[in-house]
Amino acid sequence: AAAVAPTAPAAPVPDKGDTAFMFVCSIVVLLMTVPGLALFYGGLVRTKNMLSMFMQVFATMCLVSLLWIAYGYSMAFTNGGGLNDFVGGFGKAMLAGVDSTTVAATFSNGVYIPEYVYIVFQMTFACITPALILGAVAERMKFSAVLLFMGLWATFIYFPMAHMVWYWGGPDVFGNAAKALADATGDGKAAAQAALDGVLADAGLLFKWGALDFAGGTVVHINAGIAGLVGALILGKRVGYGKEHMPPHSLTMCMIGAAMLWFGWFGFNVGSNLEANAFAGQVMINTFVATTAAALSWMIVEWIAKGKPSALGLVSGVVAGLVAITPACGFVGVTGAIALGLIVSPVCFMFCSAIKSALGYDDSLDVFGIHCVGGILGALATGILIDPSLGGTGIPDYLSKPGELAVGAYDLVTQFTAQAKAVGFTLLFSGIGSAILFKLVDILVGLRPGTDQEREGLDITDHGERAYNY
């Protein structure tokens, strides 16, 4: 009888529940940016710059979303050949080869989501990250300079960082290669080992270092935070800074924006699980309690230091807690999340008050003091709180038991070193790269408006409109 050809494995079919879950998460992360971040930042600036802040946030989102489709997704999540440690290639530029039937891996073997949905989810991250920088340079950067800088920064800083931290083959690619090695015999062992080595090598640099970042401590917060500090230093202080009172024009809008950020952050963190399974509940509760702990912690520290607890301090604590738990939310236990929230606020408070005043830089809306500092603390704490003895999940391991997610061996020094290397690399890569890009934009179009235009406000000088017409 004729030999029966082996049946090809069936193409993975995404679960409708996971797909719907990721639809919702993507939409609520979009809500974080518009109107959440726009309201949060807009409320913190002076009335004459409210509309310009809205415009900068909205326009950044629109610009980066198109760059993401054109080449950003490909640069972040494809193989980059000889530069693969640092950036992907252009094989999926303009989403070449992607359609409604292609899929993206999750963190579970055999579980996939539609690639279009994954692209949109990651696009929302790409949109909000550069927009965070705007808070550091608020009220003194021309709109033309903002657009040019955001396009360059997304291209040369964000897309490579996303690749270096989050690009890998996925659970099935790892598991299949490990299983092939386990099943190989004789001379086949060497070929199977080479194949496994190739799979492990096809990943971003920081991923290969073993650095863990569940939802964007390095990629989003440290990355944007250090870029914001660099921008604030290069642009210089706002006209009148240190001599004139510059209070937020609407703490009401600021608190509404902070509430929307908190709401959207559940999509940000829980969506990073990529599927609606039981573990997503742990990510969700960690995101909740770390934030509440940080909010109360900031309030108490400020109450002690300044004599009164402020609404601005409370929402600053909310954001600090959200930032710190972002890299850790899928790796720590509930107690660890609370501890992280309690610790991050005093540290960020110190950077936003005493250290900022001592060094004299004008980080308008404390992007460095909260996003960068909070992100650093969260990334480093992940290396400690992931310890199963402290309630953490342990190191994810897809190789020792091919076809399932196991808990790998944890070593404090090894993991903390990997986290520290990732933090240091991000600070240097984004800090130096952002400085170059700010200088380039200054040469091409100029960064700041004239002194008279800045005093009049960017609403009128950049856009010919006012946020309010009473």
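In what follows, residues are counted from 1 in the order of the sequence shown. Here the structure is a predicted model, which is why all the values come from computation and not from measurement. Quick note: numbers below take in every heavy atom, side chains included, and nothing from hydrogens, waters or symmetry partners.
Salt bridge status for Arg238 with Glu454: absent, with no side-chain N to carboxylate O gap under 4.0 Å. Arg455 and Glu244 are joined by a salt bridge, as a carboxylate oxygen and a charged side-chain nitrogen come within less than 4.0 angstrom of each other. Look at Lys92 and Glu115 and you find a salt bridge, because one of the NZ, NE, NH1 or NH2 atoms lies within 4.0 Å of a carboxylate O, short of that distance.
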Discussion item. side-chain contact (heavy atoms from CB on, under 4.5 Å) for Thr60 and Val57? Distances and angles first, verdict last.
Written reply: CA-CA 5 Å; Thr60 295; Val57 172; 5.9 Å; no
Worksheet item: Passes side-chain hydrogen bond (donor to acceptor under 3.5 Å, both in side chains), Ser52 versus Asp462? Steps please.
Response: CA-CA 7 Å; Ser52 74; Asp462 269 347; over 6 Å; no
Worksheet entry | Intermediate values then yes/no, side-chain contact (heavy atoms from CB on, under 4.5 Å), Arg46 and Met246 | CA-CA 7 Å; Arg46 290 167 289 178; Met246 298 181 176; 3.8 Å; yes
Discussion item. Evaluate Ser364 against Asp362 for side-chain contact (heavy atoms from CB on, under 4.5 Å), listing each step before the verdict.
Written reply: CA-CA 5 Å; Ser364 308; Asp362 183 14; 3.9 Å; yes
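Panel note: side chain Gln415, backbone Ile384; no donor-acceptor pair is recorded below 3.5 Å. Between the side chain of Lys308 and the main chain of Trp303, no donor-acceptor pair closer than 3.5 Å is present. Distance alone, capped at 3.5 Å, is enough to place a donor-acceptor pair between the Asp363 side chain and the Val367 backbone. Side-chain atoms of Lys142 come within 3.5 Å of backbone N or O of Val445 as a donor-acceptor pair. At least one donor-acceptor pair under 3.5 Å links the side chain of Gln419 to the backbone N or O of Leu212. For the pair Tyr118 (side chain) and Tyr112 (backbone), a donor-acceptor distance under 3.5 Å is absent. The main-chain N or O of Ala293 is never found under 3.5 Å from a side-chain atom of Ser297 such that the two would form a donor-acceptor pair. Between the side chain of His163 and the main chain of Asn84, a donor-acceptor pair closer than 3.5 Å is present. Judged purely by atom type and a 3.5 angstrom limit, Lys356 has no side-chain atom pairing as donor or acceptor with the backbone of Tyr361. No donor-acceptor pair under 3.5 Å is formed between the side chain of Ser26 and the backbone N or O of Val120.
Side-chain contact check for Phe159 versus Leu67: some heavy-atom pair is nearer than 4.5 Å. Between Pro114 and Val103 there is no side-chain heavy-atom pair separated by less than 4.5 Å. The closest side-chain heavy-atom distance from Phe331 to Ile395 is not below 4.5 Å. Between Pro327 and Thr218, every side-chain heavy-atom pair lies at or beyond the 4.5 Å cut-off.
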Could you pull out all donor-acceptor pairs under 3.5 Å where a side-chain atom in residues 425-434 meets a protein atom, sequence neighbours excluded?
from   : atom 1 : to     : atom 2 : distance (Å)
Thr426 : OG1    : Ala422 : O      : 2.7
Ser430 : OG     : Asn223 : O      : 2.9
Ser430 : OG     : Asn223 : OD1    : 2.8
Ser434 : OG     : Trp153 : NE1    : 2.9
Ser434 : OG     : Ser430 : O      : 2.6

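Aromatic ring centres of His463 and Phe143 lie closer together than 6.0 Å. Taking the six-membered ring for Trp, Phe438 and Phe149 have ring centres closer than 6.0 Å. Ring centers of Tyr468 and His249: under 6.0 Å apart, within the cut-off.
Counted by atom type alone, Arg466 and Thr47 present zero donor-acceptor pairs between their side chains at under 3.5 Å. A donor atom on one side chain and an acceptor atom on the other are not found under 3.5 Å apart for Asp459 and Asn49.
Residues Tyr41 and Leu132 share a closest heavy-atom pair of OH-O, 2.7 Å. Across all non-hydrogen atoms, the minimal contact from Tyr241 to Gly360 is CE2-O, 4.5 Å. Of all non-hydrogen atoms in Val137 and Gly231, the two that sit nearest each other are CG1-C, 3.7 Å. Nearest approach of Val318 to Ala295, heavy atoms of both residues: CG2-CB, 3.7 Å. Of all heavy-atom pairs spanning Trp68 and Ile119, the tightest one is NE1-O, 3.0 Å. Heavy atoms only, all atoms of each residue included: Arg140 and Leu235 are closest at O-CD2, 3.4 Å.
Partner of Leu340 under the side-chain contact (heavy atoms from CB on, under 4.5 Å) criterion, chosen from Leu377, Val289, Val332, Asn286: Leu377.
Ring geometry for Phe351 against Phe368 counts as perpendicular: the plane angle is over 60°, on a 0 to 90° scale with 30° as the lower cut. Note on ring orientation: taking the six-membered ring where Trp is involved, the planes of Phe174 and Phe207 are perpendicular (angle over 60°, cut-offs 30° and 60°). Ring-plane geometry between Phe288 and Trp262 is classed as perpendicular, the angle between the planes exceeding 60 degrees on a 0 to 90 degree scale with a lower cut at 30. Using cut-offs of 30° and 60° on the angle between ring planes, the pair Phe268 and Phe125 is parallel. Ring geometry, Tyr73 versus Phe77: the interplanar angle falls from 30° to 60°, so the pair is classed tilted.
Between Met141 atom CE and Arg448 atom CZ the span is 11.0 Å, to the nearest 0.5 Å.
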